[in-house]
Every structure is written in structure tokens, then in C-alpha cells.
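Step one of this worksheet: look at the structure below.
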Amino acid sequence: MGSVLQFLAVLLAAFGLVSLGWLAAGALLLPGVCPARMVVEAKGDAGGLEQTVKALLWLRRSGLWWGEVVIEDCGLSREGEALARALGSQSGVEFSPDDFDRV
């Protein structure tokens, strides 16, 4: 019984070391000062826009991605534009309205 527990402890320790090595290599490979800009095209009532923006903000908070989110108006309705403006008030989110096509 003792040898089985010893084997499991060694297995967990080896897995932990491999995981730490993987995280260290990932941290070294992330770009330091090269943020990307994500452009999200929003149409109609902006279905799924809030989830998309929140997912991108989560990536930024977790450190997996650096940059800003741009919501581009590609024919939003009034309700969709209101949602996009509300999301655009958050830090790191920019709303690019399409005022030329408005009636």
C-alpha cells in the first residue's frame, strides 16, 4: 500500500513540474509590448455582442491577451447601438459609430 501512495506522490510531483515548465515557457513566448486590437462587427440587435466583449475582456484580465476591443457599427438598430454604447463605456472598449447611414 505504501508503494502505491509513493508512486502516486511521485506521479503528481512530476505532473506539477511539467505544468510549471509549461507555464514558464508560455510566459516567455507571450509578446511583451505588442498589443493587438480586436474589432467586433455588430449588426442588427447586436446578438451575442455582450458575450463576445465580455469574453475578450476576460482574456485581457487573465493576461492571455493585451489590447483593446473595438465595436464597429455595421448596421446596428437603435437597441443594438444602445447596447454597444453601454459596452463602449467600459475600460478598454471603444465604440465606432456609423453615423452616416442613420436616418
Side-chain angles (χ1 to χ4, degrees):
M1 181 70 174
S3 62
V4 172
L5 289 177
Q6 235 178 357
F7 174 74
L8 288 176
V10 169
L11 190 65
L12 286 175
F15 179 73
L17 280 175
V18 169
S19 297
L20 285 176
W22 184 266
L23 289 174
L28 289 174
L29 294 176
L30 280 175
V33 206
C34 184
R37 176 179 254 190
M38 295 283 196
V39 179
V40 180
E41 295 180 352
K43 301 174 185 171
D45 288 337
L49 178 65
E50 185 174 4
Q51 291 82 2
T52 302
V53 170
K54 285 186 178 189
L56 291 172
L57 291 176
W58 177 82
L59 283 173
R60 192 174 63 205
R61 277 192 316 269
S62 66
L64 296 173
W65 169 69
W66 293 292
E68 63 181 21
V69 180
V70 177
I71 301 171
E72 185 176 337
D73 185 350
C74 294
L76 283 170
S77 64
R78 297 286 180 201
E79 295 82 17
E81 183 183 359
L83 175 64
R85 286 191 187 280
L87 290 170
S89 66
Q90 296 180 15
S91 172
V93 180
E94 181 183 326
F95 175 58
S96 174
D98 184 17
D99 293 328
F100 301 113
D101 293 338
R102 299 272 180 228
V103 185

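- The CG atom of Leu57 sits 11.0 Å away from atom OG1 of Thr52, with the distance rounded to the nearest 0.5 Å.
- Heavy-atom minimum distance, Gly80 versus Ala46: CA-CB, 4.0 Å.
- Under a 3.5 Å cut-off, the side chain of Arg60 and the backbone N or O of Gly67 do form a donor-acceptor pair.
- Between atom CG of residue Leu83 and atom CZ of residue Phe95 there is a gap of 9.5 Å, rounded to the nearest 0.5 Å.
- Criterion: ILVMFWY side-chain heavy atoms under 4.5 Å apart, direct or through other members. Under it, Val39 and Leu59 are not part of a common hydrophobic cluster.
- Closest heavy-atom contact between Pro97 and Arg85: CB-NH2, 3.8 Å.
- Smallest separation of non-hydrogen atoms from Leu87 and Glu50: CD1-CA, 3.8 Å.
- For the atom pair NZ of Lys54 and CG of Leu49, the computed distance is 11.0 Å after rounding to the nearest 0.5 Å.
- Atom-to-atom distance recorded for Glu41:CD and Glu72:CD is 5.5 Å, nearest 0.5 angstrom.
- Across all non-hydrogen atoms, the minimal contact from Asp45 to Glu79 is OD1-OE1, 3.8 Å.
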